[in-house]
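The basis for the numbers below is simple: all heavy atoms, side chains too, and nothing from hydrogens, waters or symmetry mates. It should be emphasised that the depicted structure is a prediction, and the values quoted were computed from it without experimental measurement. Numbering of ligands and ligand atoms starts at 1, following listing order.
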Amino acid sequence: MDVDRYRVRPGVSVNLAEFDPNEKTLFDGGKDEGKTAIKTLNLRLEALQELLYAENRHKMLIVLQGMDTSGKDGVIRHVFDGVNPQGVKVAGFKVPTPLELAHDYLWRVHPHTPGRGEIVIFNRSHYEDVLVVRVHGLVSKEVWERRYDHITAFEKLLADEGTTILKFFLHISKEEQKQRLQARLDTPDKQWKFSTGDLAERKLWDDYMAAYEAVLSRTSTDYAPWYIVPSDRKWYRNLVISHAIINSLEGLQMRYPEAEAGLETVVID
Ligand code: ADP
């Protein structure tokens with residue numbers, strides 16, 4: 001699956017209205033086939049992650065962003081199903097604490113970036129500081145406007161120091177969000193996920209889309225590309241992301257470390 005079609009070319013001005021959140025161009029089958037395909041990909045990812053860990057050379061950072069209900073948690077659950085938890089970490093970024101707010105906005109982010117042999121998934125990220133912060137005017141325009149440059153510089157630093165960065169925008173339609181919020185309301189086991197605050201954010205949908213367009217247009221680079229992932233179909237979203245990660249890991253040409261010399265003569269008593 002050549003998911004490169006979803007990669008945002010550096011410098012291109014993105015208009016999200018041109019991207020259909022419901023398409024499934026790269027997959028002929030339907031939901032059932034899609035779910036089966038994911039299982040095979042899970043095994044490939046498991047093997048690649050083990051290799052990354054064993055080689056202990058590369059680092060991978062995966063950034064997940066999207067509106068409420070877009071499926072950030074679902075991606076973590078399904079795309080990484082079966083992967084050894086020892087080599088993968090998830091860092092979630094919520095409303096900053098007073099201590100975090102007393103520092104620059106990247107202060108809380110940097111310690112969570114991956115070390116050698118690690119994959120780290122950001123569930124939300126430093127991009128909140130040009131998304132929710134911009135939409136709600138939590139800092140002045142002058143302050144958020146210069147952050148795009150900070151962010152690309154920060155990611156360049158990580159990339160220069162050996163981090164492979166992949167960023168996914170989970171693109172859902174406003175109608176799909178309505179249905180997912182309604183499902184949370186109607187299902188007792190999902191009600192804990194429902195927050196009336198989500199409805200306030202939903203009212204700001206157009207402002208969020210404008211803020212996402214700025215992010216996608218200004219911060220997709222060769223060293224840290226954004227992918228706009230059609231996400232109205234959960235299984236297709238998982239397939240696209242899974243392929244993007246696997247393609248990227250395969251491109252690293254990893255190898256298991258050399259075994260110790262003379263192992264063929266070793267006898268275990
Ligand atoms: P989830 O990620 O599952 O939606 P929450 O419902 O706790 O988790 O949402 C986290 C909230 O924290 C989001 O509304 C997000 O916009 C907010 N948030 C994250 N980073 C920041 C930030 N830097 N400034 C303000 N709010 C933030």
Side-chain angles (χ1 to χ4, degrees), residues 16 61-80 88-113 120-155 167-174 176-185 187 189-216 218-219 226 229 231-232 234 237-238 241:
L16 282 172
L61 175 62
I62 295 167
V63 173
L64 301 178
Q65 283 286 164
M67 297 294 284
D68 290 322
T69 76
S70 62
K72 300 180 288 292
D73 295 315
V75 167
I76 296 169
R77 251 197 336 272
H78 296 290
V79 172
F80 291 89
V88 180
K89 290 185 189 159
V90 179
F93 295 94
K94 308 229 174 204
V95 177
T97 63
L99 180 66
E100 288 168 346
L101 280 175
H103 293 78
D104 72 82
Y105 65 96
L106 293 175
W107 178 80
R108 68 169 178 162
V109 176
H110 206 162
H112 296 285
T113 56
V120 172
I121 308 161
F122 279 3
N123 184 350
R124 302 187 188 269
S125 65
H126 42 298
Y127 283 98
E128 293 291 328
D129 290 284
V130 283
L131 290 164
V132 63
V133 168
R134 167 175 162 162
V135 168
H136 285 276
L138 300 181
V139 298
S140 67
K141 179 173 185 198
E142 192 192 1
V143 172
W144 59 252
E145 183 67 46
R146 58 191 182 214
R147 290 184 172 175
Y148 300 95
D149 288 343
H150 301 157
I151 288 173
T152 48
F154 172 60
E155 292 175 352
K167 303 181 296 199
F168 299 102
F169 169 56
L170 313 187
H171 184 34
I172 54 166
S173 61
K174 198 173 176 191
E176 178 67 22
Q177 189 194 52
K178 182 178 179 182
Q179 288 177 21
R180 292 185 187 180
L181 287 172
Q182 190 65 51
R184 285 183 182 182
L185 267 184
T187 317
D189 288 357
K190 286 190 180 173
Q191 279 170 354
W192 65 273
K193 285 197 204 176
F194 187 87
S195 144
T196 44
D198 293 349
L199 299 182
E201 298 309 296
R202 178 172 164 78
K203 287 207 170 71
L204 298 168
W205 185 274
D206 291 344
D207 295 341
Y208 271 105
M209 289 306 112
Y212 269 110
E213 283 172 347
V215 160
L216 296 164
R218 297 175 67 172
T219 64
W226 275 106
V229 183
S231 298
D232 274 5
K234 296 174 181 173
R237 168 201 78 200
N238 294 342
I241 294 178

Min heavy-atom dist Q65 to ligand 1 below 4.0 Å: no
Are Y105 and H150 linked by a side-chain donor-acceptor pair shorter than 3.5 Å? yes
Derivation and outcome, salt bridge (charged side-chain N to carboxylate O under 4.0 Å, His left out), residues E142 and R147: CA-CA 9 Å; E142 192 192 1; R147 290 184 172 175; over 6 Å; no
Atom 20 (N) of ligand 1: which protein heavy atom is closest, and how many Å away? R108 NH2, 3.1 Å
Around atom 27 (C) of ligand 1, find the nearest protein heavy atom and jot down its residue, atom name and distance. V132 CG1, 3.7 Å
Where on V95 is there a heavy atom closer than 4.0 Å to ligand 1, on the side chain, on the backbone, on both, or on neither? both
Which label fits F122 and H126: parallel for a plane angle under 30°, tilted from 30 to 60°, or perpendicular past 60°? perpendicular
Show which atoms of ligand 1 fall inside a sub-4.0 Å distance from at least one heavy-atom site of V133. 24 (N)
May I ask you to check if ligand 1 and D129 share an N or O to N or O distance below 3.5 Å? yes
Determine whether the aromatic ring centres of H171 and Y212 lie less than 6.0 Å apart. no
Judged by atom type as modelled, is there a donor-acceptor pair below 3.5 Å linking the side chain of S195 to the main-chain atoms of G197? yes
Can you sort out which atoms of ligand 1 are near D68, meaning under 4.0 Å from one of its heavy atoms? 4 (O)
Would you please say whether a donor-acceptor pair under 3.5 Å links the side chains of Q65 and R124? no
Identify, with sequence neighbours excluded, every residue that meets salt bridge (Lys or Arg N to Asp or Glu O under 4.0 Å) alongside R184. none
the protein heavy atom lying closest to atom 16 (O) of ligand 1 turns out to be E128 OE1, 2.9 Å
Students should be able to answer this: which protein heavy-atom is nearest to atom 8 (O) of ligand 1, and at what distance? K94 NZ, 3.2 Å
Less than 3.5 Å apart, any donor N or O on the side chain of H136 or E201 sitting next to an acceptor on the other? yes
Where does E100 meet ligand 1, judged by heavy-atom distances below 4.0 Å: at the side chain, the backbone, both, or neither? neither
I need the nearest protein heavy-atom contact for atom 22 (C) of ligand 1: residue, atom name and distance, please. P96 CD, 3.4 Å
Of the listed options (E201, H126, R124, H136), which comes nearest to atom 13 (C) of ligand 1 when hydrogens are ignored and any heavy atom counts? R124
Once salt bridge (Lys or Arg N to Asp or Glu O under 4.0 Å) is applied, do any residues pair with R134, and if so which ones, sequence neighbours excluded? none
If you take the nearest heavy atom of each of L131, D73, V109, V139, which one is closest to atom 3 (O) of ligand 1? D73
